[in-house]
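Okay, structure first, notes after.
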Amino acid sequence: MLKLYNTEVQSRLLLGTARYPSPAIMEEAIRQSGTEIVTVSLRRETARGGGGGMFFEIIRNLSVHVLPNTAGCHSVKEAVLTAQMARDLFNTNWIKLEVIGNHDTLAPDVFQLVEAARILSSEGFEVFPYTTEDLIAAERLLDVGCKVLMPWAAPIGSARGPVNPAALKSVRAYFPGTPLIVDAGLGRPSHATQVMEFGFDAVLLNTAVASAADPVLMANAFASAIEAGRNAYPAGMLEPRDIAVPSTPVIGQAVFS
């Protein structure tokens with residue numbers, strides 16, 4: 001069971017809703033993945049004009065928790081206004097907070113992110129901040145009211161997997177009681193297993209599933225990978241060794257003269 005603010009969910013996979021070949025494939029991928037939380041970009045969907053209403057209706061009919069996001073925002077003002085509009089539309093205090101600072105890497109601007117998180121938390125939002133693996137940024141976000149952290153593994157859509165495993169492990173170690181969701185940069189199910197083996201609580205995906213040749217099958221693959229990694233973490237994994245260790249004992253072995 002995963003508790004995010006005051007909501008409990010069974011699935012540790014969160015899915016985005018952009019870039020799918022069709023609404024029908026998106027809907028089936030969401031259903032087959034078992035996810036209970038989907039992210040929706042208010043700016044992206046309303047920019048489509050008349051198609052936005054149909055899209056939002058599909059999401060509502062899926063009986064999942066909607067996590068609106070502020071994708072595309074580059075300032076505190078933009079992000080706060082988008083969050084306020086999303087709350088009115090989806091009737092939720094949840095918001096995935098993105099404040100982009102670099103056009104090439106889509107890295108978050110952690111300075112503006114903290115300020116936007118402070119404002120939204122004071123207005124009663126339950127903020128899911130898309131951040132880096134920086135410990136100081138994480139501390140500041142918690143200080144202003146965030147109860148969930150969402151560090152990236154790599155730049156959005158890069159499919160590189162965790163490029164700084166040591167830093168991600170440090171975030172986990174420093175904040176043992178905080179729900180941590182890896183957001184952005186995972187390209188393969190094995191990447192998801194890896195970060196779950198680090199002790200992370202969940203994974204948020206979009207491009208790796210939506211852009212796959214078969215998004216429905218890929219959604220299932222990631223769901224299985226996340227479950228495997230989650231089970232491995234508390235099970236106690238063997239640490240790498242420099243020498244071989246026989247699995248069969250040599251005591252009592254026959255000796256030939």
Side-chain angles (χ1 to χ4, degrees), residues 2 9-22 24-41 64 67 69 71 96 98 100 102 104-108 128 130-134 148-173 179-240:
L2 174 61
V9 293
Q10 295 286 346
S11 174
R12 294 176 182 271
L13 170 61
L14 291 69
L15 276 183
T17 54
R19 303 176 66 93
Y20 287 86
S22 71
I25 290 175
M26 176 199 72
E27 182 177 3
E28 187 62 17
I30 291 171
R31 291 187 189 281
Q32 292 298 319
S33 72
T35 185
E36 298 167 63
I37 301 173
V38 298
T39 64
V40 175
S41 170
V64 293
L67 176 58
N69 69 44
K96 180 191 171 190
E98 299 182 29
I100 300 302
N102 183 277
D104 295 324
T105 65
L106 299 180
F128 294 66
Y130 162 62
T131 184
T132 66
E133 66 274 68
D134 182 80
V148 175
L149 296 173
M150 302 180 68
W152 69 351
I156 294 173
S158 67
R160 294 170 62 189
V163 296
N164 197 341
L168 289 174
K169 291 178 182 179
S170 291
V171 174
R172 177 72 286 172
L180 299 178
I181 303 171
V182 169
D183 177 18
L186 303 184
R188 302 183 179 196
S190 57
H191 294 157
T193 300
Q194 186 178 4
V195 297
M196 294 301 289
E197 288 176 350
F198 294 164
F200 280 78
D201 297 287
V203 165
L204 195 158
L205 301 162
N206 191 169
T207 307
V209 171
S211 297
D214 186 335
V216 176
L217 187 59
M218 187 60 76
N220 273 308
F222 268 103
S224 298
I226 290 166
E227 183 177 0
R230 178 63 186 178
N231 289 338
Y233 178 68
M237 295 167 286
L238 286 177
E239 293 300 321

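For clarity, every value in this text was computed on a predicted model and none was experimentally measured. Only heavy atoms go into these numbers, but all of them, side chains included; no hydrogens, no water, no symmetry mates.
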Rounded to the nearest 0.5 angstrom, the CD1-CZ distance for I37 and R12 is 11.0 Å
So V182 and L204, side-chain contact (heavy atoms from CB on, under 4.5 Å) or not? Walk me through it. CA-CA 6 Å; V182 169; L204 195 158; over 6 Å; no
Side chain to side chain donor-acceptor pair (under 3.5 Å) pairs, two or more places apart, involving residues 180-201: K96-D183, R172-D201
Results of side chain to side chain contact (heavy atoms under 4.5 Å, CB included) for E239 - residues two or more places apart only: none
By side chain to side chain contact (heavy atoms under 4.5 Å, CB included), L106 pairs with (sequence neighbours left out) I100, I156
Rounded to the nearest 0.5 Å, what's the gap from CG on D214 to CD1 on I25? Could you check? 8.0 Å
For E27, give me all partners under side-chain hydrogen bond (donor to acceptor under 3.5 Å, both in side chains), at least two apart in sequence or on another chain. R31
Separation between CZ (F128) and CE (M150), nearest 0.5 Å, reads 7.5 Å
Atom CD1 of I30 and atom CD of E36: how far apart are they, to the nearest 0.5 Å? 13.0 Å
Could you tell me which residues satisfy side chain to side chain contact (heavy atoms under 4.5 Å, CB included) with A210, sequence neighbours excluded, listed by chain and number? R19, Y20, N206
Can you give each donor-acceptor pair under 3.5 Å made by side-chain atoms of residues 157-169, sequence neighbours left out, with the distance rounded to 0.1 Å?
unit_1: S158; atom_1: OG; unit_2: P155; atom_2: O; d: 2.8
unit_1: N164; atom_1: OD1; unit_2: A167; atom_2: N; d: 3.2

Let me check something: any side-chain donor-acceptor pairs from residues 221-232 under 3.5 Å, sequence neighbours excluded? List them with distances.
unit_1: S224; atom_1: OG; unit_2: N220; atom_2: O; d: 3.3
unit_1: N231; atom_1: ND2; unit_2: E227; atom_2: O; d: 3.3

Set of residues satisfying side-chain hydrogen bond (donor to acceptor under 3.5 Å, both in side chains) with respect to N102, sequence neighbours excluded: T105
